[in-house]
2 protein chains.
Amino acid sequence: MQCVSEKNTAEDGWRERKKRATRASLVESAVRLAAEHGLENVTVDAISAAAGVSARTFFNYFDSRDEVFVLIGAESSARVRRALLDAPRELSPLEALRDAMAGELQEVEQQTDLWRLYVEVLGKAPELLARSLGAHLADETGLAEAVAERIGAGTSPSADDGPADVSQDERRRTLDLYPRLLAAVGATAGRIAVEHWCVRQDEADFADVFREVFEQLAAGLPQPPVPTTSGRR
Amino acid sequence: MQCVSEKNTAEDGWRERKKRATRASLVESAVRLAAEHGLENVTVDAISAAAGVSARTFFNYFDSRDEVFVLIGAESSARVRRALLDAPRELSPLEALRDAMAGELQEVEQQTDLWRLYVEVLGKAPELLARSLGAHLADETGLAEAVAERIGAGTSPSADDGPADVSQDERRRTLDLYPRLLAAVGATAGRIAVEHWCVRQDEADFADVFREVFEQLAAGLPQPPVPTTSGRR
DNA sequence: CGCAAAAATGCAGGCTCTGCAATAATCCTT
DNA sequence: AAGGATTATTGCAGAGCCTGCATTTTTGCG
């Protein structure tokens, strides 16, 4: 690993490619089997057999059986974090987070084949999607740290934060609290967007749903307009 | 069964009391053991033995091993939902949800003994708290239905199912989306409040943290004031 | 007391997951 | 190209989780 040769970084070599293939094969087998027999009735043995590896090997790729159903991998977390830090300074934290996650979720609409099966499976097992997106896409703790870094390093020279009369204690508490809250809520919003789009796939593009979710969030979750049809009050 | 005698409803009878006691004993044993030996090193056998029942009986009380560590029970979900529906009409959906959850979370600060141990355990196992609060306190789906009913019932008393005759696509989408979003975000906010309070117990009352979280939410998660040390960077 | 409902228990069995050691594939250096 | 080093795969043993079923014990009630 100490890199004497020209081996740059990552994804060349027959080895890596095979690992990727195996991993992808496991995921695909898992989702396919789950769509056919139900999520609960798919064993690690079955998945491994379908993918052509041993059951033991399965656990070399995934820490748990459920993890194979999590299409958003751990790399996503890092990418989102980086995108958050690299986002333009003009954006508010919420906007930056939205854009960072949007970049990651773009592939949702592209890998439609697998995702459609995936959605079918998850429609009957919502808790898995929750864990999937909630836990991995965001990696709340890491994301919270990125948020903290962003707003901490974002102190522009203007230093125009007017009210200096807030108690130092409360401010510090808020500063610890805010990143965690933003990260968690943002991840949740992303999850809800995916869930909603899963159910009503035909009615709107995912991008629209995603945008709307964050608009609601930025607006403070006001009560939406009530249907005007009958007697709007 | 069909209540011939004066057996009113719930909590009399030697039988029920013993069940409660057993359940409580299991919970307490579990938390105590976890605090001592670490969450992962506590087996169902150990918990059951400490509580004086067989391991098989454990699974008559809890569906899974982890469930014994979830102090917020399934009843909470129903109570929150009812509180949400009973909340004054003047309150915005977010406020109503906040108050409904606040009522439920009051007991957090009261059962300090058990919760302190609990916090200690969960400090090293955050994913459990996430599942605990995220999954059970809110029961997002049910909560979303309650939200939908609340904002839908603003017009007609027939709260069966919302008006399905909305013309505009986007409005209908929003109406389906909003309750899910609010429920999920609210639950997340509650969880973050608990988590934050867990870490910084001494610095603030839980009620303060809880209130602040929802204030941020209502304000649209704006960037908080940056520490005044202007020379920063 | 004696019957019926409910709870607790023991047991068998399947599934998940982990360490360990042996084997096989890949990579790298010479 | 050969050989050694690294890494992946595999089988196996074993602990733990969880469920269904049959049995025993407890509780409620006439």
Side-chain angles (χ1 to χ4, degrees), chain A residues 1-27 29-30 33-34 37-70 125 127-128 131-132 135, chain B residues 1-27 29-30 33-34 37-70 125 127-128 131:
Chain A
M1 287 317 188
Q2 279 69 8
C3 252
V4 200
S5 60
E6 78 291 0
K7 263 296 168 55
N8 260 345
T9 43
E11 64 265 13
D12 46 355
W14 178 239
R15 205 169 193 142
E16 300 300 323
R17 195 168 308 141
K18 192 175 181 182
K19 281 185 70 174
R20 276 173 218 281
T22 301
R23 188 183 184 87
S25 178
L26 282 170
V27 169
S29 301
L33 286 172
H37 301 118
L39 187 60
E40 301 305 318
N41 305 319
V42 177
T43 70
V44 171
D45 281 330
I47 299 171
S48 309
V53 295
S54 75
R56 186 61 184 82
T57 297
F58 177 93
F59 289 105
N60 290 339
Y61 281 87
F62 303 96
D63 284 341
S64 77
R65 166 192 172 278
D66 289 352
E67 204 175 295
V68 78
F69 295 108
V70 176
E127 84 282 353
L128 200 54
R131 256 196 293 171
S132 157
Chain B
M1 300 289 246
Q2 280 75 5
C3 255
V4 201
S5 58
E6 76 291 1
K7 271 294 172 56
N8 258 344
T9 44
E11 65 265 12
D12 47 356
W14 179 237
R15 207 167 189 140
E16 301 299 326
R17 195 167 307 143
K18 191 174 181 182
K19 281 185 70 175
R20 277 172 217 282
T22 300
R23 190 182 184 87
S25 178
L26 282 169
V27 170
S29 301
L33 286 171
H37 302 116
L39 187 59
E40 302 305 319
N41 306 318
V42 177
T43 70
V44 172
D45 280 329
I47 299 170
S48 310
V53 296
S54 75
R56 186 60 185 84
T57 297
F58 177 94
F59 289 104
N60 290 338
Y61 282 88
F62 303 96
D63 284 341
S64 77
R65 166 192 173 278
D66 288 352
E67 204 175 295
V68 77
F69 294 108
V70 177
E127 84 281 354
L128 199 54
R131 255 196 292 172

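Letters go in sequence order (proteins before strands), and every chain restarts at 1.
Annotation: ring pair (Phe, Tyr, Trp, His ring centres under 6.0 Å) contacts of A:Y61 (sequence neighbours excluded): none. The side-chain hydrogen bond (donor to acceptor under 3.5 Å, both in side chains) test applied to A:R23 returns no partner, not counting sequence neighbours. B:A34 is linked by a side-chain contact (heavy atoms from CB on, under 4.5 Å) to B:L39, B:V42, B:F69, B:V121, counting only residues two or more places apart in sequence or in another chain. Contacts of B:A24 classified as side-chain contact (heavy atoms from CB on, under 4.5 Å), with partners at least two apart in sequence or in another chain: none. With sequence neighbours left out, A:F59 forms a ring pair (Phe, Tyr, Trp, His ring centres under 6.0 Å) with no residue at all.
Between the P atom of C:dA7 and the NZ atom of B:K19 lies a distance of 4 Å, rounded to the nearest Å. Residue A:N60 contributes atom CG, which lies 13 Å from atom C1' of C:dC20 at whole-angstrom precision. One interatomic measurement links the two molecules: CG of A:N41 to C1' of C:dG14, which rounds to 13 Å at whole-angstrom precision. At whole-Å resolution of the value, CZ in A:F69 and C1' in C:dT16 are 13 Å apart. If you measure from atom CH2 of B:W14 to atom P of C:dA7, you get 15 Å, rounded to the nearest angstrom.
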Once each nucleotide of nucleotides 11-18 of chain D is scored for protein heavy atoms under 4.0 Å, what B/S/- sequence comes out, 5' to 3'? BB---SSB
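OP1 and OP2 of D:dA8 both lie 4.0 Å or more from every side-chain N or O belonging to A:Y61. Of the side-chain N and O atoms in A:K18, none sit less than 4.0 angstrom from OP1 or OP2 of D:dA8.
Using modelled atom types and a 3.5 Å distance limit, the side chains of B:T22 and B:S25 yield no donor-acceptor pair.
With C:dA25, D:dT27, C:dA8 as the candidates, the nucleotide lying closest to the side chain of B:R15 is D:dT27.
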